[in-house]
A.B. asks: 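Shown below is the structure under consideration.
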Amino acid sequence: MKKILALLLSAVMVIGLFAGCGGGSTTTPTTAPAQSGGDAPETTAPAAAADSLDGTYDITVWVSEMDGVKELTQQQIQDFMAENPGIVINATVEGITEAESATQMITSVEDGADLYCFAQDQLARLVQAGALTKLGTKASAEVTELNDTGAVAAATVGTDLWCYPMTSDNGYFMIYDSSVIAPEHLDSLEDIIADCEAAGRGFSMELETSAWYNAAFFFATGCHSNWTMSADGKNFESVDDDFNSDKGVIALKGMQKLLRSPAYKSSSSADDFSAAIPAAVVIVGTWGTSAAKAALGDNYACTDLPSFTVDGTSYHLGSYSGNKLMGVKPQTDPVKTAVLQKLALYLTSEKCQLERFNLVGWGPSNVAAQQNEAVVSDPALAALAAQSAYATPQGQIHGSWWDIAKVYATAAKEATSDDDLKAALQTYENSIQGLFSMSAEEREAFTVIGSINGDGWTVDLPMTKQEDGTWLTDEAYAMDAGVEFKVRQGKAWDVSYGVDGNNFVVETAGTYKVKLTLNGEVGTVELVPAE
């Protein structure tokens, strides 16, 4: 990153020459890369004249792996060039999940895409890694004007905008089979569960495997978990969390109603509607609508989440709300940066957001697109809009929280008393507070987490640094073929390694130690057979 900054500071003088030639409108100002490991000053490049952007640019773009999105993006880039005839873009467009996109960028910013899409919960770690170019004043004003306030907040760290909103639909609601769930039961979790059980059908909600979903019960009772970052967006300083409370106990009691039902499945896949024992209900987001429609046909229906009752009081299930975002990787050439910023603004425009809505049903963040008749009448987006009254905007959250907050669901399933529930919540609180008391050695150390020993991604297995600089697990573990894991630093996901950004998958059963070899920002994971 220091090399990138030095080159950019030199290039700023070059772009100044371009900006001094000719007239016309100016492009968005650009900024130097954020520094993740030093006190180097940020530099904002002068605005370049429009004709100075003419040229040919080779870029890589990472977009959703959903069917058709890659091809649509390629067409949209062609449309951009038609509107900007002096700019020629040779784009390599690749499909990748938003989560893996962020992970790969953090693993190696230099090898990452020039433009890439990600979910808002990844913003903090991308800023920390220096993987984003901050928007200039003009671009920030335009993005703020064109998008809803929640989307703008999702793209902001501190007082700065770091990326471009693409959607305002990264939340969840209920998709159901209208031939199974009675209309008068839609507001009651207990009645919906009873309908599923009576029909021998499933109820899928990812409680034991995803804190993102199980937080719905805590938000229902008025709980919160708010994380505070440093002004530079590089570190988490504190957390205000009241899950460990009487309200949290009520949340777990509500969760038990579904956890203990024979209809329950810890899943958020709309493919469950086509399973051997098909689901009648799946709690999922807009990305599940295509599979749900195909499976349910005329019985496809959507609504907001129901309420559950504990001790005579009803609590409407909450949810997280969020956004998909598009970021620009820091560049050494400020002219290319200006082109990428211009392209990112176009790809997140009203026109392009509506094209993605028509293709895959994504809900726009652009306020004009939100008023489109087809968007307003879409059942899934209508359900999401209804659920928004009970939704909590997803802020920046420590990467370890997602693992810590999964454990209490399984504990609630097995609990036999209120004391058991309180113990599970106390364990949760101790774990999140422990994130702020880790020693420097613990933050730097690597561990292995995954399905080894059947732990279900809940236990970090210790590693020790060797004399040659590699890291090796302290023990050898028996692993079946198909076991998956990753190596991560500081028991968080800001730095993690598997294979090409994905989990490491054991091919041959055996007893192994896990070895990590680091080469700069690249980490290689391998298995070492036990002696």
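Start at 1 with the first residue, then count along the sequence.
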A.B. asks: Taking only Lys NZ, Arg NE, NH1 and NH2, and the carboxylate oxygens of Asp or Glu, determine whether E190 and K257 approach each other closer than 4.0 Å.
C.D. replies: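 Counted as a salt bridge, because a side-chain N and a carboxylate O are separated by less than 4.0 Å.
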
A.B. asks: Check the side chains of W402 and S400 for a donor-acceptor pair under 3.5 angstrom, ignoring hydrogens and angles.
C.D. replies: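 Their side chains do not contain a donor-acceptor pair, so the 3.5 Å distance test is not met.
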
A.B. asks: Side-chain polar contacts of residues 192-207 - donor-acceptor pairs under 3.5 angstrom, sequence neighbours left out - could you list them?
C.D. replies:
{"from": "D195", "atom 1": "OD1", "to": "H185", "atom 2": "ND1", "distance (Å)": "3.2"}
{"from": "D195", "atom 1": "OD2", "to": "A182", "atom 2": "N", "distance (Å)": "3.3"}
{"from": "D195", "atom 1": "OD2", "to": "H185", "atom 2": "ND1", "distance (Å)": "2.7"}
{"from": "E197", "atom 1": "OE2", "to": "S261", "atom 2": "OG", "distance (Å)": "2.6"}
{"from": "R201", "atom 1": "NE", "to": "P278", "atom 2": "O", "distance (Å)": "3.1"}
{"from": "R201", "atom 1": "NH1", "to": "D177", "atom 2": "OD2", "distance (Å)": "3.4"}
{"from": "R201", "atom 1": "NH2", "to": "D177", "atom 2": "OD2", "distance (Å)": "2.9"}
{"from": "R201", "atom 1": "NH2", "to": "A279", "atom 2": "O", "distance (Å)": "3.1"}
{"from": "S204", "atom 1": "OG", "to": "D272", "atom 2": "OD2", "distance (Å)": "2.7"}
{"from": "E206", "atom 1": "OE1", "to": "S268", "atom 2": "OG", "distance (Å)": "2.7"}
{"from": "E206", "atom 1": "OE2", "to": "T209", "atom 2": "OG1", "distance (Å)": "3.1"}

A.B. asks: On a heavy-atom basis, which atom in A154 and which in L123 lie closest, and how many Å separate them?
C.D. replies: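 That closest heavy-atom pairing would be O-CD2, 3.3 Å.
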
A.B. asks: Closer than 3.5 angstrom, by distance alone: can the side chain of Q489 be matched with the main-chain N or O of E444 as a donor-acceptor pair?
C.D. replies: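 Checked: pair present.
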
A.B. asks: Could you tell me if Q370 and D148 have a donor-acceptor pair between their side chains, going purely by distance under 3.5 Å?
C.D. replies: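 Yes - a donor-acceptor pair under 3.5 Å links their side chains.
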
A.B. asks: Side-chain donor-acceptor pairs under 3.5 Å in residues 286-305, sequence neighbours left out?
C.D. replies:
{"from": "T286", "atom 1": "OG1", "to": "D169", "atom 2": "OD2", "distance (Å)": "3.1"}
{"from": "T289", "atom 1": "OG1", "to": "T286", "atom 2": "O", "distance (Å)": "2.9"}
{"from": "D304", "atom 1": "OD2", "to": "H316", "atom 2": "NE2", "distance (Å)": "3.1"}

A.B. asks: Strictly below 4.0 Å, N to O, side chains only: are R488 and D403 in salt-bridge contact?
C.D. replies: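 So R488 pairs with D403 through a salt bridge.
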
A.B. asks: Under 3.5 Å, is there a donor-acceptor pair linking the side chains of D240 and H224?
C.D. replies: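 Judged by distance alone, the side chains do pair up.
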
A.B. asks: Can E484 and S451 be counted as having a side-chain donor-acceptor contact under 3.5 angstrom?
C.D. replies: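 The answer is no; no qualifying pair exists.
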
A.B. asks: Under 4.0 Å between a side-chain nitrogen and a carboxylate oxygen: does that hold for K491 and D460?
C.D. replies: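 Here K491 does not pair with D460 in a salt bridge, since their nearest N and O are not under 4.0 Å apart.
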
A.B. asks: In residues 306-315, what donor-acceptor pairs under 3.5 Å come from side-chain atoms, sequence neighbours left out?
C.D. replies:
none

A.B. asks: Decide whether Y264 and K413 meet the rule of one side-chain donor and one side-chain acceptor closer than 3.5 Å.
C.D. replies: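 No, because no side-chain N or O of Y264 sits under 3.5 Å from a partner of the opposite role on K413.
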
A.B. asks: Quickly, which of F219, Y172, F218 forms a ring-ring contact (aromatic ring centres under 6.0 Å, His included) with W212? Name it, please.
C.D. replies: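 When F219, Y172, F218 are each tested with W212, the ring-ring contact (aromatic ring centres under 6.0 Å, His included) holds only for Y172.
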
